[in-house]
Amino acid sequence: MTLDKAFQPESYESRIAEKWEHAGLFRAGEAATTKRFSLVIPPPNVTGALHIGHAFDMTLQDIVVRWNRMLGHDTLWVPGTDHAGIATQMVVEKRLREQGTSRHELGRERFEQQVWKWKDIYRQRIVDSLRRLGCSCDWSRERFTLDPGLSRAVRETFVRLYDEGLIYRGTRLINWCPDCRTALSDLEVDRDKPEQGEMWSFAYPIEGGGEIVVATTRPETMLGDTAIAVHPEDERYRAMIGRRVLHPFFPERDVRVVGDAELADPETGTGAVKVTPAHDPNDFACGLRHGLEQISIFEPDGAVNAAGGPFRGLNRFEARKRVKQALEERGLARGTQAHTLTPGRCQRCRTIVEPTISTQWFLKMEPLAGPALEAVRDGRIRFVPSSWEKTFFHWLENIQDWCISRQLWWGHRIPAWYCGACGEVIVSREPPQRCTSCASGELEQDPDVLDTWFSSQLWPFSVFGWPDKTDELARYYPTDVLVTGFDIIFFWVARMIMAGLKMTGEVPFRTVLFHGMVRDAAGQKMSKTAGNAVEPELLLAEHGADATRFTLAALASSGTDLALSEQRLTGYRAFMNKLWNATRFLLLRLPADDGRQRVTYEADELDDLDRYLIARYLETVEGVDRAYHEFRFDQAAELLYHFLWHTYCDWSIELSKPDLADRADGTDPRRADVRRSVLLDVLDGALRLLHPIAPFITEELWQHLPQRSHAEPFLAASSIPTAERQPLPLPILDDRTELIASFDDWLIGPVNAARGLRAAAGVEPARKVTLRLRPRQPGGARMLERYRDRIEILVRAEQVIIDEGPVPDEPALRQVLETVEVVLPLSGAVDLAKERERLLKEKGKLDRELAASERKLANAKFVSRAPAEVVAKERERLAAGRGRLEEIERLLAQLGTG
RNA sequence: AGGCGCGUAGCUCAGUGGGAGAGCGCUACCUUGACACGGUAGAGGUCGGCGGUUCGAUACCGCCCGCGCCUACCA
C-alpha cells in the first residue's frame with residue numbers, strides 16, 4: 001500500500017466523497033452525544049451555478065462543521081437552495097425569448113413548469129458542486145424554499161403578521177422596475193456610479209403675469225406636476241405662495257405655488273421646485289402635506305399614459321426629449337447646467353427605477369426592529385467581526401416599511417383573496433371557499449407573489465418543520481452559527497433575526513460570522529461581464545478541492561475581501577503535494593509486511609528529536625485549536641503549513657532519515673520503531689488538525705497510515721486534538737519551552753550558521769567539510785555533543801570538532817552566535833577581504849544594536865519606570881551582544897594580522 | 001453629507017506598548033533514493049504623513065493625505 005509519486009486529487013476525491021456519504025457520516029442525530037451543533041446553509045440561488053463566492057462561504061462553513069463534528073458534537077448542517085423569485089424568472093424569460101416565445105404566450109401555469117425544470121437542473125448542479133467541494137452537509141435534510149413545508153411556513157407567517165396588523169395593503173409610492181414590471185423593495189434599488197446628466201430649467205407662467213423658474217433632471221415628469229414649492233421664508237417667492245401657475249400642456253390643471261420648508265431649499269437651484277407627487281419620494285411627501293393631486297403619468301412599462309396627453313405612448317426618455325422640445329417651442333426653456341446624478345437602478349436588470357404610486361403589500365418594520373436590535377445589543381447574537389454591529393444598528397434604527405409583494409409568477413403566492421361580490425379581502429392559511437363577509441363564492445387570489453427574502457427570512461426554522469413543533473426544531477433550533485457575506489446583512493441577516501424573534505420567540509442563531517468577497521488577483525470585483533470571474537468547478541478540477549479550500553481559508557482574514565490569485569493556488573497545491581510526499585516517505589520506510597503497526601512507546605524511550613517534534617506539535621495543536629475557536633482559519637492554515645512543511649519535513653524528516661534508513665550496521669531497530677511511531681502519531685494528529693480545511697487529502701492519507709485502533713474508521717468521524725484532549729498516545733511534555741530552546745540554540749542555530757558559511761565560501765553542496773564548534777556557554781560542549789551526529793548530517797560535514805581549547809589560528813570562515821562560535825576551516829585559501837567584509841557587516845549591525853541598548857539603559861527613566869523584566873532582558877541583550885562583539889573583534893584582529 | 005474599514009517587503013496579507021513576520025515572487029547554487037508541486041543560502045521594509053500620550057509607538061489618541069465599502073441625498 002504505497003502512494004503515487006505525486007498527489008493527484010482527481011484520483012481519490014470523488015471516491016472519498018462517496019465513502020463518506022455511504023457511511024452516513026454527515027447525518028445528524030445518529031450519534032448519541034449530548035451537545036449538538038447546527039447551522040443552516042445560506043441557500044444558493046437556483047438561478048445558476050455556484051460561483052467562487054459560494055465556494056468561499058461554503059468552505060468556511062464546512063471548516064466549522066467538520067471541526068465541530070470532530071469535537072464529538074452531534075453536528076447538523078442543513079443544505080438547500082433558494083428559488084430567487086425575480087432573478088430566476090428573469091433567466092428563464094431570457095431563455096424563452098431566445099426560443100422565440102414569452103411567459104405571456106405560455107401562460108402562468110406552463111411558465112411555472114418551465115421554471116421548475118430550470119430549478120431542477122441548477123439545484124442538481126449546485127448540489128454536485130457542493131459535494132465536490134467536500135461540504136459535509138446532511139443531504140437527507142436538503143430543503144428548497146418552495147417546498148410544501150416551507151411554503152406553509154410562509155403562509156403561516158403572512159397570516160399571523162396580517163392578523164396582528166403588521167402586514168397591510170396600501171397605496172403608496174414604491175420602487176417600480178418598468179423592465180421587470182414589478183415592485184421592488186428599497187434594498188433592491190442600487191445606486192452605483194454617478195452619471196453625467198443635466199439640470200434643465202424652464203418657466204411656469206404665473207396666472208396674471210410673471211413666471212417662476214424651476215430646474216429638473218427629469219423634464220418629462222412635469223407632465224405630472226401638481227404644484228411648485230418654494231421656501232416660505234424665501235423673499236423672492238413669498239408673495240407668490242398661493243398663486244396659480246399655468247401648466248403649458250394642461251392649462252386647466254390647478255397647479256399652485258405652495259410654501260414647503262422641507263422640500264424647497266433656497267440655496268439650491270432657483271429655489272423653486274416643481275412637485276410631481278406620483279413620481280418622486282420627496283414630492284410624494286410634499287403632496288401629502290399639501291393635499292396635492294397625484295397624477296401618475298406612466299404605464300407599467302414606463303411609457304407615458306393617457307395623463308400625458310400629447311406625449312402618450314412615448315417611453316420615459318423619448319418623452320423627456322419631446323417635452324423639452326415642446327417647452328423650447330413655447331419659449332419657456334431657461335437654460336441648462338451639467339449635473340451628476342446617481343439614478344436608482346433595478347438590482348437585477350439595471351433599468352432605472354421609476355418611483356410609482358401603486359397598491360402593494362407592506363410589512364411594518366419598526367415593531368420588529370426593536371427586539372432585533374436588543375438581541376444584538378445584549379449579546380444573544382454575536383457578530384464576528386463585531387464591527388458590523390454598528391452598520392446593523394444604524395439600518396434598523398432608520399428602517400422603513402418593507403414592500404413585500406412582487407408582480408411575478410415565480411414565488412410564494414400571496415395568501416390573500418378578494419371577493420368579487422363585496423370587495424372583502426380574505427387572508428387565510430388555506431384557500432377559502434366562501435367570502436367571510438358576504439358568503440359569495442366569487443373569490444380570486446391575489447395574483448402576486450412575495451419577495452424572495454420573505455421566505456428566506458424564515459429559513460433557519462422553516463427547514464426544521466416550523467410552524468409544527470417538531471423534534472428537529474426543538475433539538476437544532478436556534479442554530480449555533482450563520483456564515484455569510486456582509487453584503488446581505490440587511491437583505492437576509494437582519495430579517496432573519498427579526499422574523500426569528502417574532503415567529504419563534506428565539507434568536508435564529510447565536511453567532512454570525514461575516515466574511516468578505518472574493519476578488520481577482522488584482523483586487524478587482526469579479527464579474528461575468530468583466531470576464532475576470534473564476535469558475536469554482538475549474539479551480540477544483542485544476543488544483544483539487546483541498547488546495548482550493550486551503551487557499552480560501554488562508555486568505556480569509558477577519559472579514560475583509562480577499563484577492564484570489566493563481567499563484568496562491570499553485571503554492572498551496574504544492575503544499576498538498578509536500579504533505580502527500582511526506583506521508584509517502586513514511587510509508588516507504590515502514591517494514592514491508594506484517595510489522596505495519598505503530599509500536600507503543602514509553603516517554604523515557606523518546607530521544608531529543610522525538611521530544612522536540614512532539615513539543616512543536618503540541619504547540620501547533622494549541623495554536624490551531626485557538627484559531628478554530630476564534631474563526632481565524634487563516635491562522636490555522638498558516639500554523640499547519642509551517643508546522644508540516646518546516647518543522648515536520650525540513651527538520652524532523654530530514655533528521656530522521658539516518659535512523660530509518662535500511663542499514664545493516666548497528667542501527668538500533670527499537671529506536672527506528674519508536675521514531676517511526678512518533679512520526680506517524682504526529683502526522684496522524686496533524687492530519688486531524690488539517691482535516692476541516694483539507695478533508696480529502698487528509699482522509700486519503702490517514703486511511704493509508706497504520707491505524708492505532710479500528711474504532712475510528714474515518715478521519716472525518718474521528719476526533720481532533722485540542723489543547724485539552726489528545727486522541728493520540730503522545731506524551732504531554734512539560735518541558736516544551738526548554739526543549740524547543742535547546743534545539744534552536746544548539747542544533748538549528750549552528751546548522752543554519754554553518755550552512756551560511758558554506759554558501760559564503762562557495763563550497764559545492766556535495767563537498768564534505770570539517771566543522772569546528774566552539775561553545776560559548778557553560779555546558780555547551782555537552783549540548784553540542786548531543787547533537788553532533790545530527791549537525792554532521794545537516795551540514796554535510798565529514799567531521800564535527802567540538803573544541804573548547806584555545807583558538808587555532810587557521811584559515812576559516814567564522815560566525816559568532818550567542819551560544820556557539822561556528823568555524824568552517826578551509827583547506828584552500830580564504831578570501832580574506834570578503835571574510836573581513838562579512839564580519840564587518842555583522843559588527844556594524846551589532847554596533848547599532850548595542851548602541852540602542854546602551855542608550856536605553858543609560859536612560860534613568862527607562863530603568864526606573866519600565867517593568868523589571870524588560871530592563872533585565874535589555875541588560876541580557878547588552879551583555880550577550882557585547883560578548884559576541886568581542887569575539888568578532890578578535891576575529892577581525894586575527895584577519896588583520898593573519 | 002454621515003458611518004465603517006484599510007494603508008506593514010515587488011505582490012497578497014498576518015502581527016504586537018519593549019529591536020518587524022509569512023506565503024508567493026526575486027537572486028545564486030543544487031536532478032542528494034519522499035517530494036523540481038523539490039532542496040540550500042540570500043537580497044529586500046524611516047510599518048502612509050505630521051503631531052500627541054508614554055521611559056519606550058508600527059501598535060494607543062488627534063489631525064492630514066490616499067484608497068475602498070456602506071447608508072443617505074441628488075430640483
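Below, read A as the first sequence line, B as the second, and so on, with proteins coming before strands; counting in each chain starts at 1. Because the structure is a prediction, the values reported are computed rather than measured.
- Phosphate proximity of B:rA34 to A:Trp645: absent, as no side-chain N or O sits under 4.0 Å from OP1 or OP2.
- Comparing A:Glu638 and A:Ala563 by the nucleotide of RNA chain B that holds the closest heavy atom to each, the one mapping nearer the 5' end is A:Ala563.
- A donor and an acceptor atom sit less than 3.5 Å apart, one in the side chain of A:Arg568 and one in the base of B:rU12.
- For A:Lys578, no side-chain nitrogen or oxygen approaches OP1 or OP2 of B:rA34 to under 4.0 Å.
- No hydrogens or angles were tested; on distance alone, a donor-acceptor pair under 3.5 Å links the side chain of A:Glu654 to the base of B:rA34.
- Using a distance-only test at 3.5 Å, with no hydrogens or angles considered, a donor-acceptor pair links the side chain of A:Ser652 to the main chain of A:Thr647.
- Taking 4.0 Å as the cut-off between side-chain N and carboxylate O, A:Glu842 and A:Arg814 do not count as a salt-bridged pair.
- Ring to ring, A:Tyr641 and A:Trp645 are close: their centroids are under 6.0 angstrom apart.
- Contact annotation: side chain of A:Thr342 to base of B:rC74, donor-acceptor pair present below 3.5 Å.
- Listed pair A:Tyr648 / B:rC35 fails the phosphate criterion, with no side-chain N or O lying under 4.0 Å from OP1 or OP2.
- In terms of phosphate contacts, A:Asn752 brings a side-chain nitrogen or oxygen within less than 4.0 Å of OP1 or OP2 of B:rA41.
- Side-chain N/O atoms of A:Lys657 and base N/O atoms of B:rA34 include a donor-acceptor pair closer than 3.5 Å.
- A 4.5 Å side-chain heavy-atom check between A:Ile697 and A:Glu700 finds every atom pair outside the cut-off.
- Nucleotides B:rC64 and B:rU12, compared at atom C1', are 27 Å apart to the nearest Å.
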